[in-house]
Amino acid sequence: MSGGSRMLLSEKHPMATERYNPRASEPKWQKAWDARKLFEADNDDPRPKYYVLEMFPYPSGRIHIGHTRNYTMGDVVARYKRAKGFNVLHPMGWDAFGMPAENAAMQNKVHPKDWTYQNIAAMREQLKVMGLSLDWTREFATCDVDYYHRQQMLFLDFVEKGLVTRKSSKVNWDPEDMTVLANEQVIDGRGWRSGALVEQRELTQWFFKISDYAQDLLDSLDQLDDWPEKVKLMQANWIGRSEGLLIRWPLAKPVAGEHELEVYTTRPDTIFGASFMAIAADHPLAKKATEDNPALAKFIDEVRHMGTSVAALETAEKKGFDTGIRVVHPFDEKWTLPVYVANFVLMDYGTGAIFGCPSGDQRDLDFANKYGLPVIPVVMPEGENQGSFQIIDEAYVGDGVMINSRFLDGMKPDQAFDEVAKLLEQKTIGNRPMAERKVNFRLRDWGISRQRYWGCPIPMIHCEDCGVVPVPKADLPVRLPDDIEFDRPGNPLDRHPTWRHVKCPRCGKDARRETDTMDTFVDSSWYFARFTAPWANDPTDPKAATEWLPVDQYIGGIEHAILHLLYSRFFTRAMRETGHVDLAEPFRGLFTQGMVVHETYRVGGASNGRWLAPSEVRLEDADGKRRAFEIATGEEAVIGPLEKMSKSKKNTVSPEEITDGYGADTARWFMLSDSPPERDVEWTDEGAAGAHRFIQRIWRLVSTAAESLAGVRPEKAKDGEAGTVSKAAHKILKSVGEDIEKLAFNRAIARIYELANALTVPLNEAAEGKAGPALQAACREAVEILVHLIAPVMPHLAEECWQTLGGTDLVAERPWPDYDPSLVVDAEIVLPVQVNGKKRGDLTIARDADQGAVEKAVLALDFVQKALEGKAPRKVIIVPQRIVNVVA
RNA sequence: GCGGACGUGGCGGAAUUGGUAGACGCAAGGGACUUAAAAUCCCUCGAUCUCUGAUCGUACGGGUUCGAUUCCCGUCGUCCGCACCA
């Protein structure tokens, strides 16, 4: 088809059609879907199930454009799977507990509950505008009494199964706000809100015993085939398994009744390179040693007050203090080593004590050099000369041969590891072996206590006589009181006049309610299970949970790669132990989508100027250089890099700005075009306008041809122009389906553009009455395919087109069309022909031609003969149906 | 410091995982229609040259191969995660 005829055909349209008006159409179709309850999932539907879920939002006030990208992806999958005949569950809810509601309460004198539910109402309306195929009958918020009631039931079940413990732990304490702070909330050693110097405090808190599952959580990562490798790796690192040896070193002289020092090491092979021991400031031995050593007590105090922030740790100098205590080397009674208290040893990893081997660890080497301790090289790279090999200021951590290590000399380090383990396991100290093999994990138990109001109350009661007593299940829920005051910092539950006073359920005496509430990560660790039967009296309906779970496709941000996903994996295991579900892994497929980013604008300097919103800026393009000007003042603004949309940088675009003008379909289409879904997408006005242009183009194409195609029976063709139309439609139908299955939305969209391009001329021919019956029938079939292909991404436009084509049902309830396999392969193929690996031309030949025929035809090509200069080719490589390479 | 990912036109990105590099879109330029504009439609669009064709070209340098954006080694750069973990 030449360009010339194309221009002729599209010169004039026989019927001028009106522009598609999304503002009128979109609400109309949303009502039509609602009326037919198309998106409500039935737990008794016998068809195969498909559960697609996007991470539910925190009700901050407004839906962000990033949310809409996330939910659009899920919606495309949901609509596609529905069309493929699955019983689809696609629910939505609200992660509604948390600090911002309390901050709003303090700043604006609004009750956290009112603030939260108002936000939910506003955001629900915003979501509805997007035309998402959600089952709103299952909606809940985690702050609903109904939900946290069940969470309290779960908590009690976990307590009963021994999955919960209470222990003392160090926390960041903000003395002004009188609250515990997460590490992320401590900035330069100060509370992020109050600015007060943060203290380390010991508090007794509730913990979930996630560390009991460390090995299982690590091992099971291997089975999560549909998870991104990156996320699995991040979780594996977070769990942080290491294999080592627990060594009990005898003390040279007992200290306050202690006879040994337990040390954990992953390098027992370097035991002859040891030159000192280092223990944490909080180590029991350190505490005992201070009794007659005020200078040591002072040092320990200093270490404790050192910041724990990342920045403080990074820059902190390695410091130690010799306690005067000495230990005896396990292999040499005459060899004793000093014990230091050191600021770089952590009490909560391993045993809180290490042996320092300066030649094999950079930190130990720095320490040894600072305090004049011996440095004995014990591992030497293979082939090095032992006489000249020495360690000065760079430790050697690689593989090699053991030296200076008596009976270990000449071994490889891993042999030496085994040898040391074997010998020390046989020796005894006290009544125990001197060493034991031990696996250590970085993962700690999950502390869930929060000294806050807006969270799920922990259903426990403290009684002076009975100790900690669970609230009887019949007394649940423990409701949050509504009459609270935020006029002072601290936990309002703690100072409520009556709430905390209860009778002990066991002995009936006056007792005290637990006033801590649960970490909000608890709320989000099981909501996906609750969605399967949100009306159930128990936390789950095990039958429904069994049928729906696991979530087939979970979609959300990479920022939840570790905590939320790890906690949910733990929770599912805990819920299995307590009989609420019967599986271990909640999410079969995981997808982490990229952010929506936008360039930034600043007037008055690139580093300290005033930020401008995109709507306050006029862009100019001159001589290939883009420049930005503030509309109000005309002042030139600096165009900054692409950044995540944030209020502070004002580079935000609200979903309404697009839906009000262009409609939801444009926003949906644009956000999935171009950029692969796992990568960031740049929001540009041109891109949005381009997406809208395509919507209008589809509408024009379909509506213009609709009249002439009315009543035409769809029929695919194999030959001629009609065959070309059918082949294009079926090929693209096939690949769009495959792309959506792989969540490659950008590629699916590119294919749909191709189909629209391929159909433009034939559809205009049909519209002008220039198409014969075969072409008309093929066009009718192809345009129906097109409408079904756009439906997952642009569902409203698809309905409008379908109606125009005479459809009496809704595309949303229609099945996905099947492609004809015979139309997606061509009888004749074009084989690229290379000479010496460079393409020189093409060969058109029957698809099923055998290798001999292909070779003969290739050698007959004139450009091949020319290249061969009459000689026989050295080799002809034929990759069937791919390529031919002639080696001259 | 440890671990990982990535690097393709002016831009976002394709390329069936070793087989035609640049699909599709955006931007740009030229043209048609129009009194004009918008809208729409058509054409061009990696670089260079001796321009109806050829050479080069997927961050850079090497290697394996008939053939490399894809695999291997090294260099440079960007991004991400963890971080005093013994």
Side-chain angles (χ1 to χ4, degrees), chain A residues 2-4 6-13 19 228-231 233-238 240-242 244 263-267 270 278 280 310 313-314 316 318 342-346 348-357 360-364 366-367 397 440-443 558-559 561-562 621 624-626 670 673-676 679-682 684-691 693-694 696-697 700 735 738 744 746-754 756-757 760 764 830-842 873-879 881-888:
Chain A
S2 76
R6 204 170 163 178
M7 182 163 66
L8 236 148
L9 283 167
S10 51
E11 240 170 14
K12 53 184 190 299
H13 296 148
R19 282 172 71 79
E229 287 303 320
K230 180 186 169 78
V231 172
L233 187 73
M234 281 164 72
Q235 291 216 352
N237 288 340
W238 186 262
R241 184 183 195 276
S242 71
V263 157
Y264 176 73
T265 178
T266 55
R267 294 295 303 275
T270 65
V310 172
L313 289 175
E314 243 171 38
K318 313 262 172 289
N343 63 353
F344 63 88
V345 180
L346 305 172
D348 48 6
Y349 185 81
T351 61
I354 62 161
F355 79 75
C357 173
D361 183 292
Q362 191 58 47
R363 222 176 20 206
D364 295 346
D366 295 343
F367 191 85
V397 294
N440 234 312
F441 293 94
R442 210 190 72 106
L443 180 69
I558 185 76
E559 67 274 18
I562 299 172
D621 202 325
K625 219 187 148 217
R626 295 177 68 242
F670 172 70
S673 314
D674 293 355
S675 288
R679 262 187 247 177
D680 292 349
V681 62
E682 185 196 355
T684 62
D685 290 343
E686 293 85 357
R693 260 202 310 274
F694 184 64
Q696 295 297 351
R697 196 177 142 211
R700 243 184 352 261
S735 54
E738 289 166 354
N746 57 321
R747 288 194 299 199
I749 281 176
R751 296 287 89 80
I752 293 174
Y753 272 113
E754 270 179 47
N757 291 345
T760 298
N764 284 334
V830 178
L831 275 183
V833 177
Q834 297 182 330
V835 177
N836 295 332
K838 284 194 174 155
K839 193 197 164 192
R840 294 294 138 158
D842 295 310
R874 274 202 282 164
K875 209 171 173 187
V876 178
I877 293 147
I878 299 168
V879 184
Q881 291 159 39
R882 275 280 160 76
I883 202 164
V884 179
N885 190 14
V886 178
V887 186

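As a basis for the values below, the full set of heavy atoms in this structure was taken, side chains included, without hydrogen atoms, waters or symmetry mates. Computed from a predicted structure; not experimentally measured.
Proximity of Thr760(A) to Arg697(A): side-chain heavy atoms (C-beta onward) are separated by under 4.5 Å at one or more points. Side-chain contact between Arg840(A) and Val886(A): absent, with no pair of heavy atoms (C-beta onward) separated by less than 4.5 Å.
Of all nucleotides listed (rA21(B), rC24(B), rG81(B)), rG81(B) comes nearest to the side chain of Met234(A). With rU40(B), rA86(B), rG13(B) as the choices, the nucleotide that has an atom nearest any side-chain atom of Arg679(A) turns out to be rG13(B). The listed nucleotides are rC66(B), rC82(B), rG3(B); the one nearest the side chain of Leu233(A) is rG3(B). Out of rG25(B), rA14(B), rG81(B), the shortest distance to the side chain of Ile562(A) is found at rG81(B). Of the candidates rG3(B), rG13(B), rA23(B), the closest approach to any side-chain atom of Asn746(A) belongs to rG13(B). Considering only side-chain atoms of Ala750(A), the nucleotide from rA23(B), rC56(B), rU40(B) that sits closest is rA23(B). For Phe344(A), the listed nucleotide lying nearest its side chain is rC84(B); candidates were rG25(B), rC82(B), rC84(B). Of the candidate nucleotides rA86(B), rU20(B), rC80(B), rA86(B) has the atom nearest to the side chain of Tyr264(A). Here the side chain of Arg19(A) is nearest to one of rA39(B), rA86(B), rG25(B), namely rA39(B). In the set rU20(B), rG19(B), rA86(B), rA86(B) carries the atom at the smallest distance from any side-chain atom of Leu346(A).
Between the side chain of Asn237(A) and the base of rC82(B), no donor-acceptor pair under 3.5 Å is found.
To the nearest whole angstrom, the two C1' atoms, one in rA28(B) and one in rC45(B), are 8 Å apart. Remark: the separation of the P atoms in rC42(B) and rA27(B) is 16 Å, to the nearest Å. The same atom, C1', is picked in rU8(B) and in rA59(B); the two are 10 Å apart, to the nearest Å. If you take atom C1' in rG12(B) and the same atom in rG19(B), they sit 27 Å apart, rounded to whole Å. Atom P of rC72(B) sits at a distance of 23 Å from the matching atom of rU78(B), rounded to the whole Å.
Base pairing of rC41(B) is made with rG31(B), judged by Watson-Crick or G-U wobble geometry with both donor-acceptor distances under 3.5 Å. Across the strands present, rG19(B) finds its partner in rC66(B); the criterion is a Watson-Crick or G-U wobble pair with both atom distances under 3.5 angstrom. For rG81(B), the paired base is rC2(B) (Watson-Crick or G-U wobble, both distances below 3.5 Å). Partner assigned to rA59(B) is rU75(B), using Watson-Crick or G-U wobble distances below 3.5 angstrom.
The residue among Asp842(A) and Tyr349(A) whose nearest nucleotide of RNA chain B lies closer to the 5′ end is Asp842(A). The residue among Asp674(A) and Glu686(A) whose nearest nucleotide of RNA chain B lies closer to the 5′ end is Asp674(A).
The distance between atom CZ of Phe694(A) and atom P of rA39(B), rounded to the nearest whole Å, is 18 Å.
Its glycosidic angle being within 90° of 0, rG9(B) falls on the syn side. For rC72(B), the glycosidic angle deviates from 0 by more than 90°, giving an anti base.
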Open item on the list: Please evaluate residues Phe344(A) and Asp364(A) with respect to the criterion side chain to side chain contact (heavy atoms under 4.5 Å, CB included), reporting the C-alpha separation (whole Å), side-chain torsions for both, the decisive distance (0.1 Å), and the verdict.
Closed with: CA-CA 10 Å; Phe344(A) 63 88; Asp364(A) 295 346; 4.2 Å; yes
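Applying the 4.0 Å criterion to OP1 and OP2 of rG1(B), one finds that Arg363(A) has every side-chain N and O outside that range. Contact annotation: Lys838(A) reaches the phosphate of rC56(B) (side-chain N/O to OP1 or OP2, under 4.0 Å). Contact between the side-chain N/O atoms of Arg442(A) and the OP1/OP2 oxygens of rA83(B) is found at a separation under 4.0 Å.
Below 30°, between 30° and 60°, or above 60°: for Tyr349(A) and Tyr264(A) the angle between ring planes is above 60°, a perpendicular geometry.
Among the protein residues, Val884(A) comes within range of no part of the nucleic acid, since none of its heavy atoms lies under 4.0 Å from any strand. Within 4.0 Å (heavy atoms only), Val887(A) reaches sugar-phosphate atoms of the nucleic acid but no base atom. If you check every strand for non-hydrogen atoms under 4.0 Å, Arg693(A) touches sugar and phosphate atoms only. In this structure, Glu754(A) reaches the sugar-phosphate backbone alone: every heavy-atom distance under 4.0 Å involves primed, P, OP1 or OP2 atoms, never a base. Nucleic acid contact for Thr265(A): sugar-phosphate only, since backbone atoms but no base atoms lie under 4.0 Å from a heavy atom of the residue.
When atom types are taken as modelled, the side chain of Asn440(A) and the backbone of Ser242(A) share no donor-acceptor pair closer than 3.5 angstrom.
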